[in-house]
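Worksheet for the structure shown next.
Residue numbers start from 1 in every chain, and the chains themselves are labelled A, B, ... in the order their sequence lines are given, proteins ahead of strands. Computation of the quantities below employed the complete heavy-atom set of this structure, encompassing side-chain atoms and omitting hydrogens, waters and symmetry-equivalent molecules.
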Amino acid sequence: MRSPMHQNQLTLILGAFQAAFLVIFALYGSYDASALPSKEKNVEEAVRMTNLYPLFQDTHVMIFIGFGFLMTFLKRYGFSAVSINMLLAVFTIQWGIIVRGMASAHNGFKFTISLEQLLTADFAAAVILISMGAMLGKLSPSQYVIMAFFETPVALIVEHICVHNLQINDVGGSIIVHAFGAYFGLACAKAFGKKEQRGHQNEGSTYHTDIFAMIGAIFLWIYWPSFNAAVAATDDARQRAVANTFLSLCACTMTTFLVSQAVDKHKRFDMVHIANSTLAGGVAIGTTANVVLEPYHAMIVGVIAGAVSVIGYKYITPFLSEKLGIHDTCGVNNLHGMPGLIAGFASIAFLFIYDESRYPAQYDKIYPGMARGEDGKRMFDEKTQALNQLMAIGLVFLASTVSGYITGLLLKLKIWDQVQDEEYYADGDYFETPGDYDFTSRIVT
Amino acid sequence: MRSPMHQNQLTLILGAFQAAFLVIFALYGSYDASALPSKEKNVEEAVRMTNLYPLFQDTHVMIFIGFGFLMTFLKRYGFSAVSINMLLAVFTIQWGIIVRGMASAHNGFKFTISLEQLLTADFAAAVILISMGAMLGKLSPSQYVIMAFFETPVALIVEHICVHNLQINDVGGSIIVHAFGAYFGLACAKAFGKKEQRGHQNEGSTYHTDIFAMIGAIFLWIYWPSFNAAVAATDDARQRAVANTFLSLCACTMTTFLVSQAVDKHKRFDMVHIANSTLAGGVAIGTTANVVLEPYHAMIVGVIAGAVSVIGYKYITPFLSEKLGIHDTCGVNNLHGMPGLIAGFASIAFLFIYDESRYPAQYDKIYPGMARGEDGKRMFDEKTQALNQLMAIGLVFLASTVSGYITGLLLKLKIWDQVQDEEYYADGDYFETPGDYDFTSRIVT
Amino acid sequence: MRSPMHQNQLTLILGAFQAAFLVIFALYGSYDASALPSKEKNVEEAVRMTNLYPLFQDTHVMIFIGFGFLMTFLKRYGFSAVSINMLLAVFTIQWGIIVRGMASAHNGFKFTISLEQLLTADFAAAVILISMGAMLGKLSPSQYVIMAFFETPVALIVEHICVHNLQINDVGGSIIVHAFGAYFGLACAKAFGKKEQRGHQNEGSTYHTDIFAMIGAIFLWIYWPSFNAAVAATDDARQRAVANTFLSLCACTMTTFLVSQAVDKHKRFDMVHIANSTLAGGVAIGTTANVVLEPYHAMIVGVIAGAVSVIGYKYITPFLSEKLGIHDTCGVNNLHGMPGLIAGFASIAFLFIYDESRYPAQYDKIYPGMARGEDGKRMFDEKTQALNQLMAIGLVFLASTVSGYITGLLLKLKIWDQVQDEEYYADGDYFETPGDYDFTSRIVT
């Protein structure tokens with residue numbers, strides 16, 4: 001039995017946070033001029049809805065339908081997957097707007113909100129939902145929210161350092177969103193792990209929950225080009241980001257089927273691979289979606305990502321769980337972690353494969369740190385940029401694992417409502433369930 | 001047994017209506033110049049597809065996927081929910097184009113059709129689908145169509161009076177769409193009610209139908225900003241409408257989880273709240289999505305709407321059903337009715353919170369009735385506008401309940417095909433069902 | 001038992017093809033200038049993402065969610081439906097870009113890629129996925145890929161002839177995409193047919209798989225206007241294509257419900273009709289979506305398509321299966337075949353109903369073959385155009401049936417991995433299935 005304190009914990013947490021959000025927004029938040037009535041708008045502002053909104057909405061579908069339904073594969077955890085996904089997203093969106101706003105504020109703590117802030121808030125939500133994937137089924141709603149509370153500022157400050165100090169290019173956020181979220185989640189899972197979480201009878205799918213998961217998977221797959229293109233600077237860069245992501249995903253999907261069958265002893269496909277590894281190509285091309293200029297380069301990235309991801313699910317996830325005690329429910333290491341690292345290292349490779357002359361009048365929009373001054377000199381050169389990209393990978397890996405591990409330890413404290421051992425990967429303690437719940441989720445032929 | 005007359009009734013009704021629609025479109029309908037070939041287009045016409053079409057398509061998803069799947073939660077009524085939703089939508093779209101066209105016609109009965117008419121036809125469909133939610137599982141397909149036939153003109157004439165005579169602002173249609181649809185449905189349910197509809201063994205969900213319903217809920221949630229922004233006049237007003245709706249929904253969703261747990265004796269979440277009350281913030285901000293200029297105001301509206309909606313589901317819906325004989329299957333009072341009224345009253349409050357000076361060069365686009373003439377004088381002032389908004393709420397409430405009640409009485413007539421008592425909330429009499437239908441929809445552990 | 005050669009066949013096939021695709025893209029493929037960095041862009045290029053991308057994404061949803069989920073209706077074949085749909089799509093997208101690129105190449109084999117090529121690659125995928133519908137449940141993954149390999153170049157060469165030589169208008173691809181895919185599939189089914197495929201115990205749906213299928217059906221329904229409008233030449237033509245498709249679909253949906261009930265002896269609706277025939281209006285208006293200038297003409301087309309499609313499912317599909325040995329799992333003849341032919345013949349009718357004077361300054365954008373030279377003379381007249389449209393229908397029918405039949409014979413060869421008789425319409429041999437698979441997919445009350 002959960003104690004009354006634990007049972008009411010989430011109510012208090014959500015109440016306190018939402019009240020705090022309201023106060024902070026009231027004191028410091030306001031709309032950007034582009035969203036306010038005025039006589040004059042500059043051209044770019046006047047078309048923000050036309051240019052950016054469709055890409056924003058595609059991303060929005062990825063966050064709420066994509067991540068939400070992808071995680072419904074567990075046979076007894078569908079309500080939680082889709083609902084807690086929604087809760088963490090709206091929590092992180094508000095908290096992320098605040099943190100990012102204050103980090104960028106030039107005027108005390110005041111921050112402004114336009115469509116771009118809503119979009120980047122969705123990106124922040126993605127970080128947390130990826131970590132949720134590693135912890136899926138192991139945390140109570142309170143603990144998920146606490147995790148999001150701690151993870152969000154670390155992720156956004158690291159992002160701020162990567163983008164503004166190291167001036168890296170990571171247009172689709174593969175390093176600062178995907179790799180961060182994955183390694184935070186893995187470290188958190190390590191610190192939080194106990195043996196009852198592994199080999200649990202509730203951990204598995206049913207025929208229809210695997211199909212529910214495909215709703216999420218395919219919407220992620222379809223809209224991934226929008227995710228990678230949304231913040232690219234020019235129309236051609238956006239189109240290029242779309243095409244690179246599209247081709248990488250196609251090649252990745254072919255490879256996923258190929259490797260999924262090849263590594264199975266009965267030569268059958270595994271729906272976990274189909275629903276997850278097919279997406280690795282979107283992550284792996286993310287950092288350089290606006291950089292790559294040759295279609296086949298995008299496809300090679302996709303092939304590598306698909307192969308690595310399936311191999312990860314087949315061999316690395318069990319190894320991490322059994323040998324290192326890192327239980328990763330959704331296998332985020334294979335969908336977001338390793339592909340995110342591939343994206344990072346690809347960004348270094350492509351820096352040398354394509355030189356400045358290939359990007360007439362745009363090199364500095366991709367790499368602001370290499371902008372030429374009026375004297376034609378650059379702040380820094382390709383090697384420095386490469387080093388910065390590398391440092392960003394290192395910083396993200398270090399910051400995510402350290403903060404994830406600490407968060408995991410924190411979540412073990414008995415002050416938090418804890419999931420009981422027999423109720424891992426199950427909705428029953430936290431959601432009212434219909435009369436068929438036990439039957440439907442426990443059928444074995 | 002249904003009599004042959006009743007069994008063939010829908011065939012005759014649909015045939016008659018579709019024939020009539022064809023004749024009316026042939027006699028009076030034509031495409032707007034913006035959709036016809038011509039040498040010259042003005043600038044606005046030339047970009048209608050670019051500016052409006054994405055918002056239109058988002059709305060379209062809400063109507064057919066959103067409403068359709070949200071109503072699949074009933075364990076034995078999934079085919080009807082998603083199919084009759086589709087049927088009523090296409091019926092109302094055609095009928096709505098005709099009614100609205102003729103109401104606005106300046107040239108005999110002739111009306112024109114462009115993307116905007118398709119969009120507002122989707123809005124008309126929303127009215128009817130909300131009423132369908134209150135009646136869900138209690139009407140035969142014929143009766144649903146008859147309901148839509150009577151409701152559509154009343155709703156659109158009331159809308160016409162509100163927009164053109166009272167000149168109210170209701171950009172997201174919370175008063176004229178949501179409140180109208182909800183109170184028409186409740187009044188209809190009252191007139192049509194009998195005790196066999198309450199506490200029926202078919203009225204309930206299964207584990208997977210609750211997940212199906214979340215497909216609808218989340219798509220409604222995602223695209224609600226588009227619904228509220230679609231008819232706003234300028235790009236900044238659209239962006240503002242998006243941001244206000246987005247923030248209201250986020251705050252509403254947090255509040256929904258909080259209150260859902262707080263009011264439950266086992267401190268569990270209820271999927272009915274997660275799937276419905278999380279959306280109330282979209283309704284409650286709808287009327288003023290283009291008006292609100294401070295982010296935290298939108299969030300406050302969302303918090304209130306979420307709390308009211310959950311409390312509605314928990315206490316008011318059972319009260320209405322048991323004490324007043326108003327059985328509201330989907331609880332549309334909590335998702336559309338009360339939040340629609342909140343939206344209406346908020347529109348009066350915000351009229352005084354933000355004065356004209358806050359909307360440079362745009363006040364008259366939001367409130368055409370307060371446009372200043374060349375002499376700087378206004379047709380009417382804030383108080384008149386406020387009174388008009390209030391009168392619109394009153395008119396909508398009155399017209400919807402009276403017309404809904406009369407329609408409910410009419411639907412009781414034995415000339416209509418009636419659902420048999422034991423077949424309420426069940427597909428079996430109207431759809432061919434697969435062999436597992438009875439088993440799958442009647443599992444109790 | 002499948003032999004090791006057959007079990008590993010797909011691995012080899014996918015590996016060989018993906019390697020070949022990579023080499024060909026590396027040697028001959030490059031991005032279009034509009035997707036590459038440059039100082040100068042012309043106006044149209046600069047807004048491609050804004051104008052075309054939302055329509056592209058809608059189409060993308062149709063291909064992966066629409067077709068994928070529509071085919072999940074089979075009770076034991078859901079994994080295959082949604083996964084193999086994805087595999088064939090990514091295969092055909094890459095293969096289609098190559099074939100179409102080389103067919104249009106002016107510079108050796110070199111081809112360029114921009115958003116338009118991604119869009120038309122999605123169209124190519126649609127052809128193959130329609131044929132997949134006819135063969136659903138009867139082919140092994142290897143055979144599906146081989147089918148796509150042979151079908152794609154035939155379809156695209158026929159398309160090339162229709163568009164560039166015959167200069168037909170087929171803006172929504174109803175002839176060259178839908179009719180081609182359907183009749184290829186039927187001919188393939190004929191050649192591949194054996195009696196064990198008919199009346200199979202696995203061929204049927206369950207209550208929830210029919211609801212899964214509606215996800216696909218409704219997304220197809222919603223986004224069909226985008227499919228028909230995407231390649232139209234001007235903004236007004238796109239808006240017209242949207243409106244015509246929208247109205248045709250509405251009228252078609254009404255008619256589907258009407259006829260579905262009318263032809264059923266218990267006067268019940270059939271979900272197969274609701275999920276499929278409601279879409280026939282989108283196909284039937286496809287060829288002339290940019291041509292039709294009167295709303296009621298679009299509606300008439302929709303009514304005819306809906307009626308023909310339901311009657312097809314009720315009477316023609318069983319006839320083809322039982323009398324002619326053409327087993328069409330999804331009934332693609334009723335959704336794509338006959339409606340595609342209706343679209344073709346409608347294109348001839350509308351050519352005479354609307355004359356050149358109705359399309360000021362645009363006639364030649366719709367019918368390039370009737371462009372007037374500087375002397376005001378036309379390359380050819382309405383009769384020639386009509387004849388060309390007719391010849392295109394004939395060519396498509398002939399080429400699709402011949403190539404489909406040959407492909408069907410080829411697929412019977414024992415060198416290909418073949419589905420065992422008892423495993424038709426079942427996932428078990430090709431996908432790892434959860435423990436409830438047999439139970440869930442075999443419930444009979």
Exercise. Check A:P434 against B:D210 and note the closest heavy-atom contact, atom names and distance.
Key: CG-OD2, 3.5 Å

Self-check item: Shortest non-hydrogen separation from B:S248 to B:G282 and the atoms involved
Solution: OG-N, 4.5 Å

Exercise. Count the heavy-atom pairs under 4.5 Å between each of A:L14, A:I65, A:V82 and chain B, then report the option with the highest count.
Key: A:I65

Quiz item: Out of A:F91, A:F56, A:Y53, which one racks up the most heavy-atom pairs below 4.5 Å with chain B?
Solution: A:Y53

[X] portion near chain A, given a 4.5 angstrom heavy-atom threshold:
{"X": "B:R442", "result": "neither"}
{"X": "B:H297", "result": "neither"}
{"X": "B:A262", "result": "both"}
{"X": "B:V263", "result": "neither"}
{"X": "B:V272", "result": "neither"}
{"X": "B:P295", "result": "both"}

Strictly under 6.0 Å, is that where the ring centroids of [X] and [Y] end up?
{"X": "B:F269", "Y": "A:F431", "answer": "yes"}
{"X": "A:F69", "Y": "A:F219", "answer": "no"}
{"X": "A:F227", "Y": "A:F123", "answer": "yes"}
{"X": "A:Y28", "Y": "A:F111", "answer": "no"}

[Y] versus [X], side-chain donor and acceptor atoms under 3.5 Å:
{"X": "A:Q117", "Y": "A:T120", "result": "no"}
{"X": "A:T433", "Y": "A:D427", "result": "no"}
{"X": "B:Q261", "Y": "A:Q7", "result": "no"}

Heavy-atom distances under 4.5 Å only: say whether [X] touches chain B with side chain, backbone, both or neither.
{"X": "A:I113", "answer": "side chain"}
{"X": "A:I24", "answer": "neither"}
{"X": "A:L115", "answer": "both"}
{"X": "A:T206", "answer": "side chain"}
{"X": "A:D417", "answer": "neither"}
{"X": "A:Q18", "answer": "both"}
{"X": "A:P141", "answer": "side chain"}
{"X": "A:I215", "answer": "side chain"}

Practice problem: Indicate the ring-plane relationship of A:W95 and A:F21, choosing parallel, tilted or perpendicular according to the 30° and 60° boundaries. | Solution: parallel

Quiz item: Within 45° of the ring axis of B:Y437 and under 6.0 Å from its six-membered ring centre, is that where the NZ or CZ of B:R76 lies?
Solution: yes

Options [options], ranked by heavy-atom pairs under 4.5 Å with chain A, top entry:
{"options": "B:N290, B:I366, B:I274", "value": "B:I274"}
{"options": "B:M299, B:E294, B:M214", "value": "B:M299"}
{"options": "B:Y359, B:Y223, B:F212, B:F257", "value": "B:F257"}
{"options": "B:Q57, B:R238, B:K75, B:H208", "value": "B:H208"}
{"options": "B:I211, B:I222, B:D264, B:L258", "value": "B:I222"}
{"options": "B:I300, B:D58, B:N244, B:T209", "value": "B:N244"}

Self-check item: Spacing of CG belonging to B:N276 relative to OG1 belonging to B:T278, to within rounding of 0.5 Å
Solution: 7.0 Å

Self-check item: Distance in Å, B:L119 CG paired with B:H60 NE2, rounded so as to fall on 0.5 Å steps
Solution: 10.5 Å

